[in-house]
Amino acid sequence: MTIQIHNTLSGKKEALKTLEPGHVKLYVCGITSYDYCHIGHARSALAFDMIVRYLKYRGYKVTFVRNFTDIDDKIIARAKEQNTSSEELANRFINEFYTDMDKLGVDRPDIEPRATDHIKEMTDIISELIDKGLAYQAGNDVYYVVDSFPEYGKLSKRNIDDMKAGARISVNEQKNNPMDFVLWKGSKPGEPTWDSPWGPGRPGWHIECSAMSRKYLGETFDIHGGGQDLIFPHHENEIAQSEGANGKPFVNSWIHHGFVTIRHEKMSKSLGNFLTIRDILAHYHPEILRFFIFSTHYRNPLDFSETAMRDATAGLERLYECVASVDLLDSKAADKNAVSTLSAKDIKKLAELETRFQEAMDNDFNTAQAQGIFFDTVKTINRNQRKITDTSPAKDIQILKDATAVLKKLAAIMGILREDAQGFLSSRRDEMVADGDIDEKAIEMLIAERIQCRRDKNWSRSDEIRDELLAKNIELKDGPDGTTWSVKNN
RNA sequence: GGCGGCGUAGCCAAGUGGCCAAGGCAGUGGUCUGCAAAACCAUUAUUCAUCGGUUCGACUCCGAUCGCCGCCUCCA
């Protein structure tokens, strides 16, 4: 079975074929560093983090490049506002980006080039394009001749004539044709500049990725990724630049992920529905955010809401509860002559976990389906786990433990179930207690009192204590090994 | 206006030309429990926006209609 990936260029799922056997070369457009990252950036980072981990899990070597756009109109404008330099502002938000990524547990790409470190590579490509007659200087700027690239529009599935008819293309006196896009911008006073054959200036946005991907991955590489909003014009322009300059195919497969919406609308500052990664992480454990993001396929829109996060919390806790209870099975004694209580059907199902997971993930990284398989596995484990007693054979316990180990290994590809289960559950509990109006000592004392009441069969006081705690969102669970408690999600 | 995508149970969400349309959350009944909670078992879409067409057969393919979203300007 091969990995199938939806390719934006062809509009179809295609079997992954790498130029170099067993080696995937991947380029993803990173952030423009002028502000804190929002949940949409988180989705992008997490989607490609998952994809890279899965490819590695499937035995591929992956060279993953993700750039930083550290020079751009927005950076210049923001730096001016804050009375600082573009460089300083960009560096500051790159650091903030790393802070967020580290909290989310996102692995670093192999190479993280910054645009401003690659000006030479960019001016080289621009010169090549001019030499080939695909670009021209106008005033202090350089533009790409869109009409010279007949395949323009092949990624975004549009044609130039339709676009020309649209009224939203900015008119620029310098351009020969309104569709032409800028490769090099002559500098205005006070802006950061670099020398070039066309005078002092700075690169356009699109040329960065053509230059940096060529430097690190070559003229043709396997996969290029980004958000769906980058399809046009950014990626369309990259194709025109790179294929124009190199005279060969740029990228074999394009992966574009969907947006995070809030109240079913794309986030934007003007709508006031803008949530940063740190806003979210202030309220939710990073694995909850990951679980939520992978609850739908990466290309679908994903609507953020409190309800959705609560569902994700419940789901992730369900997985952790299962792992935690299997972890505890260790303490049980095992009798050699014991009869297995596991059903053959369930043993088979557990054995098939990894295959089922691969089938889901091979199908264009279907994490939603994979999560369904996790739950199915948990149900199977729980069903059998509760039948385990002191006299169960060691083999039964081992089968459940093995299945849990596989579950954790596979979940780690999505970056979940990476913590110690008991630790995760109790630390979540502690956090929630800290938010509430009762402390742990008081809870323990009430529980101790209640245990005595129950011994005395003083049910009314016992229930009173339970209700009292429930009113403060503390739920008691009386099990064979005593009373445990948790904080109710709501 | 052009282009792309989506519409599956109360909510979220997989899936597919033909066995019972995954799974989660919520709900209901039961087991367990002093009673609960958790867990487990059972149950919850004769139906996949609507209407046509292709087919022996479609939720899945094609067309139209309605609704929603995105891109066409910076954007993950």
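Here is how names work: the chains are called A, B, and so on, in the same order as the sequence lines, proteins then strands, and each is numbered from 1.
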Task: U33(B) to C25(B) separation - C1' atoms, rounded to the nearest Å - done: 25 Å

Distances for protein N or O near nucleotides 58-60 of chain B N or O, under 3.5 Å:
none

Task: Short side-chain N/O contact to G70(B) OP1/OP2 from R299(A), under 4.0 Å - done: no

Open item on the list: Please check: side-chain N/O of H41(A) versus main-chain N/O of H38(A), any donor-acceptor pairing under 3.5 Å?
Closed with: yes

Task: Per-nucleotide protein contact string for nucleotides 8-22 of chain B, where B marks a base within reach and S marks sugar-phosphate only (heavy atoms under 4.0 Å, - for neither) - done: -----SSSS-----B

TODO: Would you classify S462(A) as touching base, sugar-phosphate or nothing, given that sugar-phosphate means primed atoms plus P, OP1 and OP2, and contacts are heavy atoms under 4.0 Å?
DONE: base

Task: 5'-most by nearest nucleotide on RNA chain B - G315(A) or T32(A) - done: G315(A)

TODO: Pick base, sugar-phosphate or nothing for R78(A), based on heavy-atom distances below 4.0 Å to the nucleic acid.
DONE: nothing

Open item on the list: Using a 4.0 Å heavy-atom cut-off, does N382(A) contact any base of the nucleic acid, only the sugar-phosphate backbone, or nothing at all?
Closed with: sugar-phosphate

- [ ] Give one of base, sugar-phosphate or nothing for F375(A), where a contact means two heavy atoms less than 4.0 Å apart.
- [x] sugar-phosphate

- [ ] Describe the nucleic acid contact of R386(A) in one word from base, sugar-phosphate, nothing, applying a heavy-atom distance below 4.0 Å.
- [x] base

Task: C71(B) phosphate, OP1 or OP2, under 4.0 Å from K157(A) side-chain N/O - done: no

- [ ] For C41(B), take OP1 and OP2 only and decide whether either is under 4.0 Å from a side-chain N or O of R383(A).
- [x] yes

